[in-house]
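Please read the structure below before turning to the comments.
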Amino acid sequence: MKKKNIFVGIDLGTTNSLVSYIHDGKPQIIPNERGERSTPSVVSIKNNGEILVGEMAKTQAVLNSDNTVSNVKLSMGKDVKYNIIDKEFTPVDISILILKNLKENAEKYLNTKIIDTVITVPAYFDDNQRTATQKAAELAGLNVLKLLNEPTAAALSFGFNKKEESRLLTVDLGGGTLDITLMEYKDKKFTVKGIGGSTSIGGNNFDKAIIDFVLEEFKSMHSFDISQDKIAYQQLVIHAEKAKKDLSSANETKIMIPYITIREEGPIHLNISLDLNKFNNLIKTTLGEIEACINDTFEQSGIDKDWVDSIILAGGATRVPAVETIVNSIIKNKNNKNTKKGKPENVNDSLIKRDINPDEAVCLGAGILAGIFEGSIPDMEFCDITSRELGVEDDEGKMVVIIPKGTSYPLSVTHLFTTTQENQDEVIIHVLQDGDNTGNIKDSDQKMVSLGKFHLKVAPDKKEGEPNIDVTFTINMNGILKVSAIDLDSGQAGEIIIRDKQK
Ligand code: AMP
């Protein structure tokens with residue numbers, strides 16, 4: 001007899017997507033049909049209707065940019081439509097195509113069915129973005145066991161197989177998102193202590209800074225605006241990203257695009273030098289935003305920076321040297337508060353752990369959690385925290401908080417409620433979550449998001465405030481919220497289950 005299905009972890013990345021599973025008790029990346037460990041999150045549809053996903057779609061993007069979609073993750077849960085060959089596609093539609101491709105490749109490689117998955121999402125994905133991701137997975141034929149926050153996944157991957165305790169700061173900077181997690185690993189148990197980040201900061205901001213610089217330089221040299229020429233601009237986008245990557249390992253790079261445009265006097269080539277100092281200057285604003293987000297995360301979770309004993313850098317964009325410098329300096333400034341002036345110490349350089357691969361850590365962490373669910377990694381426990389306030393609506397339309405942001409789960413909390421009118425024979429239990437939707441935590445406009453509601457009959461003929469109604473919020477290990485209510489006098493009860501919405 002052979003097991004028919006295998007649980008997998010999927011990192012559905014802005015730029016690249018990866019799949020992993022547990023093999024011989026360890027997480028392993030599943031290569032795609034080209035033998036590559038990651039697949040570009042790019043979809044392209046040819047005029048004849050043929051759908052290309054991954055490297056094939058990416059390589060022809062320059063010639064077929066109108067019918068190619070990349071960075072779809074940044075549009076998940078948003079009202080965005082892509083018009084491809086006279087047909088409208090939503091971000092969910094595009095994500096389905098990517099997920100189907102990943103599923104099919106993994107099924108071929110493992111020669112088995114893939115259904116149950118743990119899919120990673122940025123910690124600061126809001127309810128709509130999570131629901132959209134889950135919907136795409138389900139429509140691609142996958143069952144989502146849990147949407148796991150990306151930096152948590154990276155920390156899982158680091159802590160896995162470590163014997164000693166660790167107190168981890170994970171900074172995960174991808175193409176379009178920054179996720180920060182504080183996590184403890186102790187006695188084979190992972191506990192998330194704090195989360196933060198932004199859905200508008202990532203490696204794309206660095207590319208954009210280079211693009212804007214080149215546009216300006218080229219305009220002043222040749223009075224030509226490259227952004228007005230679609231194909232030329234697309235080439236610049238690719239070369240800007242390449243230049244950024246060059247500057248992760250070199251002090252200077254050249255952005256060279258021959259024949260970028262043709263004028264009466266002949267062809268014009270783009271040839272602009274960029275050194276690390278200049279690049280660091282160009283990305284100053286984004287670096288400041290990264291710093292602010294990390295500081296906010298410590299502040300909001302009430303954890304001191306001295307607490308950190310290991311730093312994990314995940315996501316391709318943490319390879320930018322200035323990002324590492326910023327992360328180091330935030331922790332170092334705090335930890336070195338007693339250091340004598342003029343004696344800089346490098347004690348914290350060692351806090352950055354380099355024994356994980358930033359491109360694969362998130363996916364491997366998803367594979368580990370899939371393995372915990374599958375039962376192929378015994379003894380290991382995982383304890384997550386809520387990233388939003390949860391509560392019920394009161395008679396004034398305000399939210400009564402039942403589970404504050406940052407609360408560890410699994411847990412169960414009960415609060416006592418009552419009626420506001422005489423002879424009231426029914427109450428509405430309206431479950432709410434705070435609507436911290438986009439960007440920096442500080443930008444949150446405290447809009448409430450409805451997660452669901454139900455009516456509960458209460459014993460009649462009671463005065464206002466007399467009935468005793470217990471409302472219980474329970475979040476299980478997978479993050480599924482159940483809200484139940486019971487009128488203690490009549491015994492009437494009701495409940496609602498909200499699946500993977502509240503994290
Ligand atoms: P991810 O979503 O984790 O794959 O991160 C993708 C982002 O990392 C993109 O913005 C990439 O351009 C960026 N990236 C990948 N490799 C490097 C590198 N060597 N140096 C700087 N940025 C990189």
Worksheet, complete the sentence: With Ser44 as partner, the option from Asp66, Thr68, Thr59 fulfilling side chain to side chain donor-acceptor pair (under 3.5 Å) is Thr68

Discussion item. Looking at every non-hydrogen atom in both residues, tell me the closest pair between Asn295 and Lys305 and how far apart they are.
Written reply: OD1-NZ, 2.7 Å

Response to the item:
One should read off an interatomic distance between Glu252 CD and Leu247 CG, to the nearest 0.5 angstrom, of 8.5 Å

Practice prompt. Would you please test Tyr82 and Val72 for side chain to side chain contact (heavy atoms under 4.5 Å, CB included) and show each step?
Written response: CA-CA 10 Å; Tyr82 304 97; Val72 64; 3.7 Å; yes

Discussion item. Is there a side chain to side chain contact (heavy atoms under 4.5 Å, CB included) between Lys193 and Ser301? Walk through the geometry before answering.
Written reply: CA-CA 7 Å; Lys193 297 283 192 186; Ser301 52; 5.9 Å; no

Response to the item:
Of all heavy-atom pairs linking Phe190 and Tyr185, the shortest is CE2-CD1, 3.3 Å

Fill in: Set of residues satisfying side chain to side chain donor-acceptor pair (under 3.5 Å) with respect to Lys46, sequence neighbours excluded
Glu50

Fill in: Minimum heavy-atom distance between Ser95 and Ala136, given as atom pair plus value
CB-CB, 3.8 Å

Worksheet, complete the sentence: Those residues at least two apart in sequence (or on a different chain) that pass side chain to side chain donor-acceptor pair (under 3.5 Å) with Gln235 are none

Fill in: Partners meeting ring pair (Phe, Tyr, Trp, His ring centres under 6.0 Å) with Tyr233 (sequence neighbours left out)
none

Discussion item. Salt bridge check, Lys58 against Glu241: does any charged N sit closer than 4.0 Å to a carboxylate O?
Written reply: no

Worksheet item: Does a donor on one side chain sit under 3.5 Å from an acceptor on the other, for Thr39 and Ser17?
Response: no

Worksheet item: Counting only N and O atoms by type, is there a donor-acceptor contact under 3.5 Å from the side chain of Thr386 to the main-chain atoms of Gly406?
Response: yes

Worksheet item: Is there side-chain contact between Phe382 and Met380, with at least one heavy-atom pair below 4.5 Å?
Response: no

Practice prompt. Heavy atoms only: give me the nearest Met183-Ala155 pair and the separation to one decimal.
Written response: CE-CB, 3.4 Å

Worksheet item: Quick one: do Glu55 and Arg34 make a salt bridge, cutoff under 4.0 Å?
Response: no

Discussion item. The criterion is salt bridge (charged side-chain N to carboxylate O under 4.0 Å, His left out); which residues satisfy it with Lys108, sequence neighbours excluded?
Written reply: none

Discussion item. With rounding to the nearest 0.5 angstrom, report the CD1 to CG distance, Ile311 to Leu168.
Written reply: 10.0 Å

Worksheet entry | Side chain to side chain, Ser20 and Glu360, heavy atoms closer than 4.5 Å | no

Discussion item. Restricting to ring pair (Phe, Tyr, Trp, His ring centres under 6.0 Å), what partner residues turn up for Phe279, sequence neighbours left out?
Written reply: none

Worksheet item: Would you say Cys363 and Ile29 make side-chain contact, with heavy atoms under 4.5 Å?
Response: yes

Discussion item. Applying salt bridge (charged side-chain N to carboxylate O under 4.0 Å, His left out), can you list everything that pairs with Asp116, at least two apart in sequence or on another chain?
Written reply: none

Discussion item. Which residues pass the ring pair (Phe, Tyr, Trp, His ring centres under 6.0 Å) test with Phe206, not counting sequence neighbours?
Written reply: none

Discussion item. Test side chain to side chain contact (heavy atoms under 4.5 Å, CB included) on Leu173 and Ile201; report intermediate values, then the result.
Written reply: CA-CA 8 Å; Leu173 191 64; Ile201 303 175; 4.2 Å; yes

Fill in: Distance, nearest 0.5 Å, that separates CG of Asn281 from CG of Leu274
10.5 Å

Worksheet item: Within a strict 4.5 Å, meaning less than it, do heavy atoms of the Asn105 and Val19 side chains meet?
Response: no

Worksheet item: Say you draw a straight line from CD1 of Ile403 to CD1 of Ile385; how long is it, rounded to the nearest 0.5 Å?
Response: 12.5 Å

Worksheet item: Does Thr177 use its side chain to pair, donor to acceptor, with the backbone of Gly174 at less than 3.5 Å?
Response: no

Discussion item. Holding to side chain to side chain donor-acceptor pair (under 3.5 Å), I want the full list of residues that pass it with Asp359, two or more places apart in sequence or in another chain.
Written reply: Arg319

Worksheet item: Can you list the residues that meet the side chain to side chain donor-acceptor pair (under 3.5 Å) rule with Asn67, with sequence neighbours excluded?
Response: Asn64

Worksheet item: Does the side chain of Thr325 pick up a donor-acceptor pair with the side chain of Asn328 at under 3.5 Å?
Response: no

Discussion item. Tell me every residue that passes salt bridge (charged side-chain N to carboxylate O under 4.0 Å, His left out) with Asp86, counting only those two or more places apart in sequence or in another chain.
Written reply: none

Discussion item. Quick check: do Leu451 and Val483 have side-chain heavy atoms less than 4.5 Å from each other?
Written reply: no

Practice prompt. Check whether any side-chain heavy atom of Trp307 lies under 4.5 Å from a side-chain heavy atom of Leu182, and answer yes or no.
Written response: yes

Fill in: Closest approach of Gln28 to His23 (non-hydrogen atoms, all atoms of both residues)
CG-CB, 3.4 Å

Worksheet item: Between atom CG of Leu270 and atom NE2 of His239, what is the distance when rounded to the nearest 0.5 Å?
Response: 8.5 Å

Discussion item. Which residues pass the ring pair (Phe, Tyr, Trp, His ring centres under 6.0 Å) test with Phe218, not counting sequence neighbours?
Written reply: His222

Worksheet item: What do you reckon, is CG of Asn83 surrounded by more than 12 foreign heavy atoms closer than 6.0 Å?
Response: yes

Worksheet item: So among Ile195, Ile180, Thr181, Leu169, which one has a side chain to side chain contact (heavy atoms under 4.5 Å, CB included) with Thr297?
Response: Ile180

Discussion item. Would you say NZ of Lys186 has more than 12 non-hydrogen atoms from neighbouring residues, nucleotides or ligands within 6.0 angstrom?
Written reply: no

Item to complete: Can you sort out the partners of Thr133 under side chain to side chain contact (heavy atoms under 4.5 Å, CB included), two or more places apart, ordered by chain and number?
Response: Leu12, Met76, Ile119, Val121, Phe125, Leu147

Worksheet item: Do the side chains of Asn204 and Leu74 get nearer than 4.5 Å, heavy atoms only?
Response: yes

Practice prompt. Give the minimum heavy-atom separation between Glu165 and Asp309, together with the two atoms involved.
Written response: O-OD2, 4.1 Å

Discussion item. In the structure I gave you, are the side-chain heavy atoms of Val43 and Ile98 within less than 4.5 Å of one another anywhere?
Written reply: yes

Item to complete: Would you check, one step at a time, whether the test side chain to side chain contact (heavy atoms under 4.5 Å, CB included) holds for Glu107 with Lys113?
Response: CA-CA 6 Å; Glu107 286 180 338; Lys113 271 248 152 305; 4.0 Å; yes

Worksheet item: How long is the gap from CZ on Phe89 to CD1 on Ile45, to the nearest 0.5 Å?
Response: 3.5 Å

Worksheet item: Are the side chain of Asp229 and the backbone of Ile231 linked by a donor-acceptor contact shorter than 3.5 Å?
Response: yes

Worksheet entry | Ser329 (side chain) donor-acceptor with Ile326 (main chain) under 3.5 angstrom | yes

